[in-house]
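By convention in this document, chain letters (A, B, ...) are assigned in the order of the sequence lines, proteins followed by strands, and residues within each chain are numbered from 1. The structure displayed is predicted, hence computed values, not measured ones. Below, each value reflects all heavy atoms present in this structure, side chains not excepted, and no hydrogens, waters or symmetry copies.
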Amino acid sequence: MRILTKNFYNRPTLEVARDLVGKHLVRVLDDGTRLAGRIVETEAYTQDDPAFHGWGLLDRRTGALKPEGRGRDLFGKPGTAYVYLTYGVHWLMNVVTEPEGTGGGVLLRAVEPLQGLASMYARRARAQRDIDLANGPGKLAQAFGIDGALHNTPFTEPPLYATDPEGEAPLAVETSSRIGITRGVDLPWRFYAADNPYVSRGAPSDVAQARKRRAKQGAMA
DNA sequence: ACGAGGATGCTCT
DNA sequence: GAGCATCCTCGTG
């Protein structure tokens, strides 16, 4: 099990997002407990993407980068954790991609738990089955004990990193539009393992918005 | 099965 | 004040 180093993340974001499917996520808790899981779902966010945090930090004409603002750290060193709170409730975990100075990140959306399940259940009080432990980005962070304390820390060494599970057969990867966003909804930048039950249950945003439009039409008729 | 709505804090307008 | 890269519960079919 080789730890994925900075070089792995210092590449185009879409490549990193696809290649992370099938890799293992490892988290070592403060008490030494080792948690691990197979990454089965990711999403890519790039600086040319209206859904990107800090879309607007980059001045397209001059190339100048605003020094402050949300998403600024996505322009930092590749292989760094970018952890933020959404809806005031849930922590979401990304890893920074692309060379320093170029914006990009990959959201970890779902993991198949492999090791440390008892510890995951302890934090995921509502989970009834292994499938419910980390089949969504907020659940994943909670199961693996990931919060804002890990923001801007290396994703290339303990206590948080990914490994290449040498010897495991590569997973078939499918794509769709991303989940839970309102901008950039048509970009097919979600990557997930085909026919894997640990993938999250959310509907891609293009599908969700089409369904909403149909419901509105039905209500008017 | 599915949809509506609430929780809750931070960023940006 | 609005809007979230979400999750959970509680209604109704």
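Rounded to an integer number of Å, the gap from CZ of A/R178 to C1' of C/dA5 is 8 Å. A straight line from CZ of A/R72 to P of B/dC12 spans 13 Å, rounded to a whole angstrom. Protein atom NE2 of A/H90 is 7 Å distant from nucleotide atom P of C/dC8, rounded to whole Å. Residue A/Y82 contributes atom OH, which lies 11 Å from atom C1' of B/dC10 at whole-angstrom precision. The CG-C1' distance, from A/L92 to C/dA5, rounds to 6 Å in whole Å. Atom-to-atom, CD1 of A/I181 to P of C/dT6 comes out at 9 Å; the value is rounded to the nearest Å. Residue A/L108 contributes atom CG, which lies 16 Å from atom P of C/dA5 at whole-angstrom precision. Counting to the nearest Å, the P atom of C/dA5 and the CH2 atom of A/W189 are 15 Å from each other.
Look at A/R109 and you'll find a side-chain N or O under 4.0 angstrom from OP1 or OP2 of C/dT6. Phosphate contact (OP1/OP2 of C/dC7, side-chain N/O of A/R124, threshold under 4.0 Å): absent.
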Once Watson-Crick and G-U wobble pairs under 3.5 Å are found, how is DNA chain B written in dot-bracket notation, 5' to 3', with | for any base paired to another strand?
|||||||.||||.
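Among the heavy atoms of the strands lying under 4.0 Å from A/R70 are primed sugar atoms or P, OP1, OP2 only; no base atom is included. A/G69 comes within contact range of the sugar-phosphate backbone alone, with a heavy-atom separation under 4.0 Å but no base atom that close. Looking at heavy-atom distances under 4.0 Å, A/F52 makes no contact with the nucleic acid at all. Among the protein residues, A/G88 comes within range of the nucleic acid bases, having at least one heavy atom under 4.0 Å from a base atom. Using a 4.0 Å heavy-atom distance criterion, A/T182 is classed as a sugar-phosphate-only contact.
With hydrogens and angles left out, the side-chain atoms of A/Y198 and A/D130 include no donor and acceptor closer than 3.5 Å. If you check the side chains of A/R123 and A/Q142, you find no donor sitting under 3.5 Å from an acceptor.
Between A/R109 and A/E43, at least one side-chain N (NZ, or NE/NH1/NH2) sits under 4.0 Å from a carboxylate O, which counts as a salt bridge. Salt-bridge annotation for A/E168 and A/R38: present, with a side-chain N of the basic residue lying under 4.0 Å from a carboxylate O of the acidic one. With respect to the salt-bridge test (charged N to carboxylate O, under 4.0 angstrom), the residues A/D49 and A/R178 qualify.
Both tests do not hold together for A/R11 against A/Y9: distance to the six-membered ring centre under 6.0 Å, angle to the ring axis within 45°.
Two rings, from A/Y84 and A/H151, have their centers 6.0 Å or more apart.
With C/dA5, B/dG9, C/dC8 as the candidates, the nucleotide lying closest to the side chain of A/H53 is C/dA5.
Projected onto DNA chain C by closest heavy-atom contact, A/D132 and A/N94 fall at different nucleotides, the more 5' of which corresponds to A/N94.
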